[in-house]
Structure formats: C-alpha cells, structure tokens
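In what follows, a single structure is set out as structure tokens and then discussed.
Please read these numbers as outputs of a predicted model, since none were measured by experiment. Atoms considered below: every heavy atom in the structure, side chains included; atoms not considered: hydrogens, waters and symmetry mates. A note on names: the letters A, B, ... follow the listed sequences, proteins ahead of strands, and every chain is numbered from 1.
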2 protein chains.
Amino acid sequence: MAHPITRAGDTSADRREQARDLIRDVLERIGDKWSVVVICQLSDTTRRFNELRRMSAPITQRMLSTTLRGLERDGLVTRTVHDTTPPRVDYALTPRGLSLLKVVRDLAGWAEDNASGILESRTAFDAR
Amino acid sequence: MAHPITRAGDTSADRREQARDLIRDVLERIGDKWSVVVICQLSDTTRRFNELRRMSAPITQRMLSTTLRGLERDGLVTRTVHDTTPPRVDYALTPRGLSLLKVVRDLAGWAEDNASGILESRTAFDAR
DNA sequence: CAGCATCCCTCTCGATACTG
DNA sequence: CAGTATCGAGAGGGATGCTG
C-alpha cells in the first residue's frame with residue numbers, strides 16, 4: 001500500500017487534511033531549535049555526547065539530551081551504550097535519518113540560495 | 001557571488017555555524033504552525049482572505065493574518081488590495097514562494113513515505 | 001469582507017545544580 | 001563522561017470582541 005495512513009471512506013478533503021497534519025508532524029520534529037543541527041553533525045560519522053555538545057555549541061546539555069531522545073524515538077538516530085569506565089555513548093544516523101538528511105540538505109540549499117533575497121525583503125517590509 | 005552571506009576572513013567553523021543559523025531561520029519560517037498549510041493552499045491560484053480561512057480550517061483569523069504577514073515580509077506571498085466595496089484582498093505566491101513550495105513538497109513526500117515507520121518507532125520507544 | 005486589539009495559557013527552551 | 005531534576009522567563013498561539 002502506498003499511503004497506509006489513509007483509510008477507506010475518507011473524503012478527498014479528509015485526505016488533504018491528513019496530509020497537512022502529517023507534514024506538520026514532521027516539521028515539528030525538525031522545526032525545533034536543535035534537531036537539524038544535530039542531524040547535520042551526525043551526517044558523516046558516529047559521535048559521542050560531549051563531542052556533539054561541542055560541535056553544536058551553544059546547545060545546552062539538557063537540550064542536546066532532549067533532542068537526541070526525540071530523534072531516537074522517531075527512529076532517526078541510534079544510541080549505543082558501551083559499558084566501560086568512563087561511560088561512552090555513541091550516536092549515529094539510522095537509514096531513515098540519513099534519508100531525512102538528504103531532504104534537509106535540499107532545504108538548506110534553498111535557504112542559502114534565498115537568504116539574501118529574504119533578508120532584503122524583510123528590510124524593505126520593515127521600512128514601511 | 002554564490003554565497004553572499006559569507007564574508008572574507010571567516011573560518012570554516014564560522015561558515016558552518018552561519019549555514020546552521022540560516023537553516024534554522026528558514027525552519028522558523030516554515031516550521032510554525034500554519035505557514036506550510038497556507039503556502040499549499042496558494043499552490044495553484046490566487047486566494048482571498050476568507051477563502052484561505054475556510055480552506056485552512058481550523059486556523060483562527062488572527063493566526064491567518066499573522067501568518068500571511070510573515071510570508072509577505074519574507075517575499076513569499078503578495079498581498080493585493082482591491083479598492084472596492086466590500087473590500088477584497090488577494091494573496092498569491094511569489095516566484096520565491098513557488099520555489100519554496102517545491103522544497104516543501106519534497107519534505108511532504110518524505111513525510112508520507114516515512115510516516116508509518118515513524119509512528120511504529122514511536123510506539124516501540126514509548127513501550128519501554 | 002478583512003482584519004486588529006486584548007487577554008490568557010501552554011509549551012519550549014535556557015540556566016543552574018546535582019548524579020552514577 | 002553522560003546524563004537527570006528543577007525552576008523560571010518568554011514566545012507562540014487560541015478565544016473573544018470590536019472596526020472600517
């Protein structure tokens with residue numbers, strides 16, 4: 001089945017609304033303050049907690065922890081605990097997280113291409 | 001110039017941090033509760049205020065107004081006032097808004113493709 | 001019709017301190 | 001090293017009422 005969340009009996013309006021909620025759901029995941037940052041730091045390799053913390057500065061410990069939980073919950077990153085002293089925990093992107101990274105990079109590309117134009121528009125708008 | 005926001009003298013770390021802030025900036029625009037919904041409603045044609053309101057239900061008047069202001073400020077939609085009685089205002093996507101729509105559709109596609117998997121991951125995670 | 005003004009509440013996020 | 005616990009400020013957003 002192509003779109004398992006649609007159900008028989010849905011009107012087309014229902015389906016449009018479901019699609020909207022779906023996009024919003026994903027946007028809430030990557031639209032928070034730190035998720036995309038963390039995903040990008042994991043783009044090429046596995047990283048440890050404090051390594052991510054440094055690379056994602058000025059993220060706080062609490063927010064990195066919270067963000068990683070959320071990403072893990074959605075199956076976007078894996079959390080691997082090595083039972084050593086001192087403790088060591090590795091984080092890495094799952095295949096799903098990697099596929100999201102691609103989309104995020106498109107978004108980043110659009111952002112770069114349009115950043116100066118957007119800033120100009122804002123300045124012009126605020127001048128009125 | 002390909003990337004006008006980078007400045008001479010930036011370290012590569014500076015540039016990475018700028019790129020991150022840039023993506024976050026865009027995500028704050030489309031990551032709010034209604035922007036993407038409104039953009040999608042304008043995908044094929046010009047629409048009037050209350051038309052958008054009905055199509056984007058259950059958006060409130062206040063939030064539609066706020067959202068449209070934000071999109072207009074960033075040069076993503078145009079606002080055209082027709083001086084008639086009763087008053088009539090048309091909203092439409094700009095070329096920039098249209099280019100964003102393409103990216104948003106990719107995101108929506110990813111969301112659809114991964115929705116069921118994400119929901120499964122969440123259920124499994126929460127079961128622990 | 002197309003809004004703006006006001007009130008209020010929730011939820012995110014940051015700061016700080018503490019732990020196995 | 002890799003977190004958790006608690007507190008508080010602030011922004012986002014909903015409900016309602018009013019206006020040109």
Please list, chain by chain and in numerical order, all residues satisfying side chain to side chain contact (heavy atoms under 4.5 Å, CB included) with [X], sequence neighbours excluded.
X: B:Leu93; answer: B:Ile39, B:Leu42, B:Val77, B:Leu98, B:Leu101
X: B:Thr60; answer: B:Arg62, B:Met63
X: A:Ala111; answer: B:Leu22, B:Val26

| task | Mark up nucleotides 3-11 of chain C, 5' to 3', with B wherever a protein heavy atom is under 4.0 angstrom from a base atom, S wherever such an atom reaches only the sugar-phosphate, and - elsewhere. | result | BB-B-----
| field | Set of side-chain hydrogen bond (donor to acceptor under 3.5 Å, both in side chains) partners for B:Thr78, sequence neighbours left out | value | none
Any side-chain heavy-atom pair from [X] and [Y] closer than 4.5 angstrom?
X: B:Val81; Y: B:Pro87; value: no
X: B:Asn114; Y: A:Leu100; value: no
X: B:Thr46; Y: B:Thr80; value: no

| message | Heavy atoms within less than 4.0 Å of DNA chain D: which residues of residues 23-46 of chain B have one? Give them sorted by number. | response | B:Asp32, B:Lys33, B:Trp34
| Hey, which of these two, B:Glu51 or A:Pro58, hits DNA chain C nearer its 5' end, going by closest nucleotide? |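 First, find each residue's nearest nucleotide; the 5'-ward one identifies B:Glu51.
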| Contacts of type salt bridge (Lys or Arg N to Asp or Glu O under 4.0 Å), residue A:Asp90, not counting sequence neighbours | A:Arg88
| remark: With sequence neighbours left out, the residues meeting salt bridge (Lys or Arg N to Asp or Glu O under 4.0 Å) with B:Asp126 are A:Arg73
| field | Length of the CZ-P vector between B:Arg53 and C:dA2, whole Å | value | 11 Å
| query | For DNA chain D, which nucleotides open and close the run of contacts to chain B, 5' to 3', at under 4.0 angstrom from a non-hydrogen atom? | reply |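 Contact boundaries, 5' end first: D:dG13 to D:dG20.
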| What salt bridge (charged side-chain N to carboxylate O under 4.0 Å, His left out) pairs are there with at least one residue in residues 41-61 of chain A, not counting sequence neighbours? |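 Qualifying pairs, neighbours excluded: A:Asp44-A:Arg47, A:Arg47-A:Glu51.
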| task | Among residues two or more places apart or on two chains, list those pairs meeting salt bridge (charged side-chain N to carboxylate O under 4.0 Å, His left out) that have a residue in residues 25-43 of chain B. | result |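 Output for this query lists A:Arg122-B:Asp25, B:Arg29-B:Asp32, B:Arg29-B:Asp74.
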| query | Is any side-chain N of the basic residue among A:Glu120 and B:Arg96 closer than 4.0 Å to the acidic one's carboxylate O? | reply | no
| query | For DNA chain C, which ranges pair as stems of 3 or more consecutive Watson-Crick or G-U pairs, with both donor-acceptor distances under 3.5 Å? | reply | C:1-20 with D:1-20
| field | Modelled atom types, side-chain donor and acceptor of B:Ser56 and B:Trp34, under 3.5 Å | value | no
